[in-house]
Student: 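This is the structure I have questions about; it appears just below.
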Amino acid sequence: MLKYLYDIFTGPRLFHIKEIDSSISYVGNSFETFSDSPIRLISGSFWYLKSIWYISLPYLYWRGYFTQSGLHYVLNWSQFFIMIYAVAFLTRGFGRMFNPVYLKFLREYQNEEFSKKYNYEFRYHPPQRKASLHDRFKDFEFKPLKFVEKSQLNFFKSPQYFLHDIFGYCAMKFLGQRMVFPGSISLLNLAIADQLTESRLNLINTNKAQRYKLTSEVDDHIDTLFVDKRDSSLSNYKGNKIVICAEGNGGYYEVGNLKIALEAGYSVIGWNHPGFGGSTGTATAITDALAIDAVYKFVLLELNFQPRDIILFSWSIGGYATSWLAYNYPDISACIFDAPFDDLASLAIYKMPISLSIMVERTIQYLMHMPVDVHLAEYPGTLKFIRRLSDEVITTERHVLLSNRINDLVMNVLSKRYPNLFNEDNEDLVLEILDKPLENRLIPLEFKELCLSQFYREQFPSPLSVQMLKTISSNASRDLIYGMLNLYLFDFNATHCTPLTSNFLEL
């Protein structure tokens, strides 16, 4: 009896009850409705203040709250909010005791057969087992995961930069991580929680989506949504391929790339960065990479897709996790990057005061290393880059197209794939072309094959040999470079946050 009462008072919030083709919103009684808002507001504020203790404690000290009278004042207000929270908590539990709909849910939600009928708080969902514990894990012979080695910074060991490193480390741990991944801020998650819930419900009802809780190798729980459009009777059907989406630093799958990939006709799986939406943990370069790794292995082991049927699609900072996945699993079919950067440190030093450039560069390379260009230089598959002509986020100078960091990314990747063409001799020509919008056009199949054969020059006869490149005219060289840029880079006349159109997902 006591356990039953405990479950009533501490059980999950119920949002919707699923019918055959729709969902009915759960409507609590007056006691539940009255008490729910103060519980969410106080708990959200508590977690937010806890996350910024390094700001709030010095502020309280500066304002004189560490004196006897100041502590007494803080304690009185704390007692007031604790009392409000306790009254609301007990009131909600009392209301649930007299709500037969909630009591029925409480009996059924832990039963897998009935739990799919309900949409409730994600932290109460049972997690999927780790990929490494899956029965089929050994069948794929996964190689150890690779991270690009950081440059020899001698962080904390160099007397010359010791103070830079101390301040940089504190700034990144206390503030920088939230600047890089603002979607992990608890108050922001609380503010948009209802919008995300409604959007997710719409995806589930409209597309019969399934929600999963995955577990990464660092035990973060990753909030994931899968839409299955497979049709085994159609061999070239788009739905037989799956798009793994990666959102930006303030994006969520409920309102992001997942919808674009659905419009394009693919099967889709979306996931939220650690600390975003229903995902747990703290978003860093490493935890973000391990999160998408868990999604990828789930797609292989549980959803039974093959690497040749997987397309990676990212927006903004999501390009880091996507490039890392391609770097570790080069047999993935294709990658599409919308508004990516080449390296976070290269972008960040232009966004901060010049006086802090050394500290910013060393700190990011040590604690938030995101070398997208290095990853993609090792990836042999199909690549597509989307450059936003009015991008205001990944540019280092406003309204200067050439300052868009995607240009540096494309040049670095193509210099690796076609070193005889994209080299120092032709750098000025490449920059001249990239300084203006490209007139994207259909690329002839013969030209695509020609480009591919150059990349695989060791396995196949190369029509773009060193001798040939030395003899072609400057006009022909320009046409060749322009054609290759058109093959990889596509312009979209929009700002950074304008929704992409689904036609850009055509390969």
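Model, not experiment: these values are computed from the prediction.
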Student: A285: what forms a side-chain contact (heavy atoms from CB on, under 4.5 Å) with it, not counting sequence neighbours?
Tutor: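 Counting only residues at least two positions away or on another chain, A285 forms a side-chain contact (heavy atoms from CB on, under 4.5 Å) with Y320, M368, M370.
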
Student: Could you pull out every donor-acceptor pair under 3.5 Å between side chains of residues 182-189 and any protein atom, sequence neighbours left out?
Tutor:
residue: S184; atom: OG; partner: F181; partner atom: O; Å: 2.8
residue: S186; atom: OG; partner: Y48; partner atom: N; Å: 3.3
residue: N189; atom: OD1; partner: Y252; partner atom: OH; Å: 3.4
residue: N189; atom: OD1; partner: G277; partner atom: N; Å: 2.8
residue: N189; atom: ND2; partner: G183; partner atom: O; Å: 3.0
residue: N189; atom: ND2; partner: I185; partner atom: O; Å: 3.1
residue: N189; atom: ND2; partner: G275; partner atom: O; Å: 3.2

Student: Once you measure the plane-to-plane angle for W271 and H273, does it fall in the parallel (<30°), tilted (30-60°) or perpendicular (>60°) bin?
Tutor: perpendicular

Student: Looking at F504, does the NZ or CZ of K384 lie under 6.0 angstrom from its six-membered ring centre and within 45 degrees of the ring axis?
Tutor: no

Student: If you look at every heavy atom in F422 and L414, which pair is closest and at what distance?
Tutor: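 In terms of heavy atoms, the two residues are closest at CZ-CD1, 3.6 Å.
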
Student: Take a 6.0 Å sphere around CZ of R129 and say whether it holds more than 12 heavy atoms from other residues, nucleotides or ligands.
Tutor: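 Buried by this count: over 12 neighbours within 6.0 Å.
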
Student: According to ring pair (Phe, Tyr, Trp, His ring centres under 6.0 Å), who are the partners of Y237, at least two apart in sequence or on a separate chain?
Tutor: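 Testing Y237 for ring pair (Phe, Tyr, Trp, His ring centres under 6.0 Å), a comparison that skips the adjacent residues, returns none.
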
Student: Any donor and acceptor pair, going by atom type alone, linking the side chain of W324 with main-chain N or O of K146 inside 3.5 Å?
Tutor: yes

Student: Going by the rule side-chain hydrogen bond (donor to acceptor under 3.5 Å, both in side chains), which residues pair with D36 if we only count those two or more places apart in sequence or in a different chain?
Tutor: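 side-chain hydrogen bond (donor to acceptor under 3.5 Å, both in side chains) check on D36 returns R13.
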
Student: Which pairs of donor and acceptor atoms, one on a side chain in residues 345-360, lie under 3.5 Å apart (sequence neighbours left out)?
Tutor:
residue: K351; atom: NZ; partner: V393; partner atom: O; Å: 3.0
residue: K351; atom: NZ; partner: T395; partner atom: O; Å: 2.9
residue: S357; atom: OG; partner: I354; partner atom: O; Å: 2.9

Student: I'd like to know if D194 pairs up with R40 as an ion pair, taking the criterion as any Lys NZ or Arg NE/NH1/NH2 lying under 4.0 Å from an Asp or Glu carboxylate oxygen.
Tutor: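 Result for this pair is yes, salt bridge flagged.
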
Student: Can you list everything that forms a ring pair (Phe, Tyr, Trp, His ring centres under 6.0 Å) with F15? Sequence neighbours excluded, please.
Tutor: none

Student: Checking ring-ring contact (aromatic ring centres under 6.0 Å, His included) against Y118, which of Y124, F105, Y109 comes through?
Tutor: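 Per the ring-ring contact (aromatic ring centres under 6.0 Å, His included) rule, the option paired with Y118 is F105, out of Y124, F105, Y109.
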
Student: Would N249 and V180 satisfy side chain to side chain contact (heavy atoms under 4.5 Å, CB included), going step by step from the backbone distance to the final call?
Tutor: CA-CA 7 Å; N249 64 354; V180 176; 5.7 Å; no

